[in-house]
Participant: 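Below: one structure in structure tokens.
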Amino acid sequence: GALEIDLSDIDFIMLYGVSGDLPVAFLDELSLNRIVLIVHRRNQPFPYVFQPAPSSDEEDVLTRQILYRVNQIKRVYIAKTLIRARLARMTEWMGIPRTVMQQLAKETSIEGVRVIEAHQTARYWKQYFQKLGQDVTRREQSPVASALDAGSKFLYGVLLRWILFHKMSPCHAYLHEPSSYPSLVYDLMEPYRYIFEEAVRQAAGQGVSDGKKLVAKSLSVLKDNLEVVVYVPATRQYVRRKNLLHGAVLALRAYLIGEAPRLVLPQEGARKGGRPPKAG
């Protein structure tokens, strides 16, 4: 088929799961109109990205991203914000002592943040598998572990596309190292891992135990859960859960370019009063 569009109205084009030819003249037109083009397929870890060189009147997000990574204070702040959001979701499965959150707030090193996260995550997985009736650990091969890995890969693809869309590097992260793989994707996935973890729990709770069937069922539940409308107190919006992933990338971008004084990650929750933070 064919699609006619006015390039002056377009910011971004993604060709997903398709094949064919791209005329150089078409790429030239995209460059003139400052349009990013991504060619992507499922299970393709590194999409092709056609991106015009930044002009003087554009926000240089990539430079800010790298400078904030070099700045130890800002880097630790971003890492703590991500892990604080991750721990907040763990409270649905286990108690997080107040002293842990206080320790996280006082931490001044990336290594210290990682130690806190690793200790609480070990407790979390023990509770998670026990409630599923599984006598295994997260690192052991099992149908549940395979389903969790599949859910992680699914969210990975979504976050990767939004990171590229907003002209950031997926390899310059704040919590995860090194920069030889798309570590920023896993940074921003931390607050939202609960989405696929809950999908696997629901699938396993329906009596699906075979490895391939559990993966398929978990992904089906995950896709349905991503379409659920949730409320975001930080921005006072109702959005589909999948938009939280885009919102996380937008939140980081807003913080990097100075639109927001803090990194305000969109998280689902209940309506509450008070003045919302400036999210950018």
Side-chain angles (χ1 to χ4, degrees), residues 11-12 34 36 54-91 96 98 101-108 110 113 116-117 155 158-159 161-170 172-176 184-195 226 228-280:
D11 294 312
F12 174 85
R34 320 298 300 163
V36 175
S55 60
S56 59
D57 60 344
E58 290 181 317
E59 290 287 356
D60 188 357
V61 184
L62 178 57
T63 298
R64 296 286 189 93
Q65 179 187 352
I66 296 173
L67 288 176
Y68 276 40
R69 187 172 186 268
V70 175
N71 186 310
Q72 184 70 5
I73 295 176
K74 293 184 182 296
R75 181 181 180 184
V76 171
Y77 165 73
I78 294 172
K80 290 197 297 185
T81 302
L82 293 166
I83 295 305
R84 186 183 301 112
R86 169 66 169 155
L87 296 182
R89 302 303 309 194
M90 289 184 183
T91 58
I96 301 288
R98 182 180 299 177
M101 304 305 286
Q102 292 173 342
Q103 181 185 0
L104 178 64
K106 296 177 182 178
E107 188 54 61
T108 58
I110 291 294
V113 174
I116 294 172
E117 185 271 337
L155 293 196
V158 178
L159 282 166
R161 293 195 293 272
W162 285 124
I163 288 170
L164 293 171
F165 172 84
H166 288 291
K167 301 179 181 178
M168 288 185 275
S169 166
H172 290 287
Y174 304 93
L175 177 66
H176 293 86
L184 183 62
V185 179
Y186 294 101
D187 269 20
L188 295 178
M189 193 186 296
E190 288 293 339
Y192 307 102
R193 288 183 178 273
Y194 72 92
I195 299 177
L226 287 173
V228 173
V229 175
V230 297
Y231 183 73
V232 182
T235 57
R236 294 182 175 177
Q237 289 177 294
Y238 285 99
V239 301
R240 295 190 188 276
R241 189 175 278 127
K242 63 183 179 182
N243 294 119
L244 297 176
L245 305 175
H246 185 194
V249 180
L250 283 171
L252 178 60
R253 179 186 182 279
Y255 176 63
L256 292 177
I257 65 176
E259 283 185 357
R262 293 189 294 144
L263 175 57
V264 183
L265 296 168
Q267 295 176 281
E268 58 185 280
R271 294 179 65 94
K272 58 183 180 181
R275 179 179 298 177
K278 183 179 179 182

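Both backbone and side-chain heavy atoms feed into the values below; hydrogens, waters and symmetry mates do not. The residues of the chain are indexed from 1 along the displayed sequence.
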Participant: Do Gln72 and Ile110 come close enough that some side-chain heavy atom pair is under 4.5 Å?
Facilitator: yes
Participant: Could you list the residues that satisfy side chain to side chain donor-acceptor pair (under 3.5 Å) with Gln103, not counting sequence neighbours?
Facilitator: none
Participant: So, the side chain of Glu107 versus the backbone of Lys80: is there a donor-acceptor pair under 3.5 Å, distance only?
Facilitator: no
Participant: Filter on ring pair (Phe, Tyr, Trp, His ring centres under 6.0 Å), then keep only pairs touching residues 60-91, sequence neighbours left out; what's left?
Facilitator: Tyr68-Tyr255, Tyr77-Tyr255
Participant: Going by salt bridge (Lys or Arg N to Asp or Glu O under 4.0 Å), name the pairs with one or both residues in residues 66-77, residues two or more places apart or in two chains.
Facilitator: Arg75-Glu177
Participant: Less than 3.5 Å apart, which donor and acceptor atoms pair up between the side chains of residues 264-280 and the rest of the protein, not counting sequence neighbours?
Facilitator:
unit_1: Glu268; atom_1: OE1; unit_2: Arg241; atom_2: NH2; d: 3.1
unit_1: Glu268; atom_1: OE2; unit_2: Tyr194; atom_2: OH; d: 2.5
unit_1: Glu268; atom_1: OE2; unit_2: Arg241; atom_2: NE; d: 2.8

Participant: Is the closest side-chain heavy-atom distance between Leu184 and Leu252 below 4.5 Å?
Facilitator: yes
Participant: To the nearest 0.5 Å, how far apart are CG in Asn71 and CD1 in Ile66?
Facilitator: 14.0 Å
Participant: Check whether any side-chain heavy atom of Tyr192 sits under 4.5 Å from a side-chain heavy atom of Arg86, and report yes or no.
Facilitator: no
Participant: Return the CD1 to CG distance between Ile83 and Leu104, rounded to the nearest 0.5 Å.
Facilitator: 7.5 Å
Participant: How about Val61 and Ile257: do any of their side-chain heavy atoms sit closer than 4.5 Å?
Facilitator: yes
Participant: In chain order, what residues pass the side chain to side chain donor-acceptor pair (under 3.5 Å) check against Arg84, with sequence neighbours excluded?
Facilitator: none
Participant: Looking at residues at least two apart in the chain, or sitting in another chain, which of them share a salt bridge (Lys or Arg N to Asp or Glu O under 4.0 Å) with Lys242?
Facilitator: Glu227
Participant: Would Leu155 and Leu245 satisfy side chain to side chain contact (heavy atoms under 4.5 Å, CB included), going step by step from the backbone distance to the final call?
Facilitator: CA-CA 8 Å; Leu155 293 196; Leu245 305 175; 3.8 Å; yes
Participant: Would you say that Val185 contacts Ile163 through its side chain, given a criterion of any heavy-atom pair below 4.5 Å between the two side chains?
Facilitator: yes
Participant: Are Val229 and Val239 packed together at the side-chain level, in the sense that at least one heavy-atom pair is separated by less than 4.5 angstrom?
Facilitator: no
Participant: Taking the side chain as C-beta and beyond, is there a heavy-atom pair between Leu188 and Leu82 under 4.5 Å?
Facilitator: yes
Participant: Please enumerate all residues that pass side chain to side chain donor-acceptor pair (under 3.5 Å) together with Arg89, with sequence neighbours excluded.
Facilitator: Glu92
Participant: Using the test side-chain contact (heavy atoms from CB on, under 4.5 Å), find all partners of Thr63 that sit at least two apart in sequence or belong to another chain.
Facilitator: Asp60, Leu67
Participant: Is it true that atom CZ of Arg236 has more than 12 heavy atoms of other residues, nucleotides or ligands lying nearer than 6.0 Å?
Facilitator: yes
Participant: For Thr235, what residues pass the side chain to side chain donor-acceptor pair (under 3.5 Å) criterion, not counting sequence neighbours?
Facilitator: Gln237
Participant: Sequence neighbours left out, what passes side-chain contact (heavy atoms from CB on, under 4.5 Å) with His166? Give chain and number order.
Facilitator: Trp162, Met168, His246, Val249, Leu250, Arg253
Participant: Once salt bridge (Lys or Arg N to Asp or Glu O under 4.0 Å) is applied, do any residues pair with Arg193, and if so which ones, sequence neighbours excluded?
Facilitator: Glu190
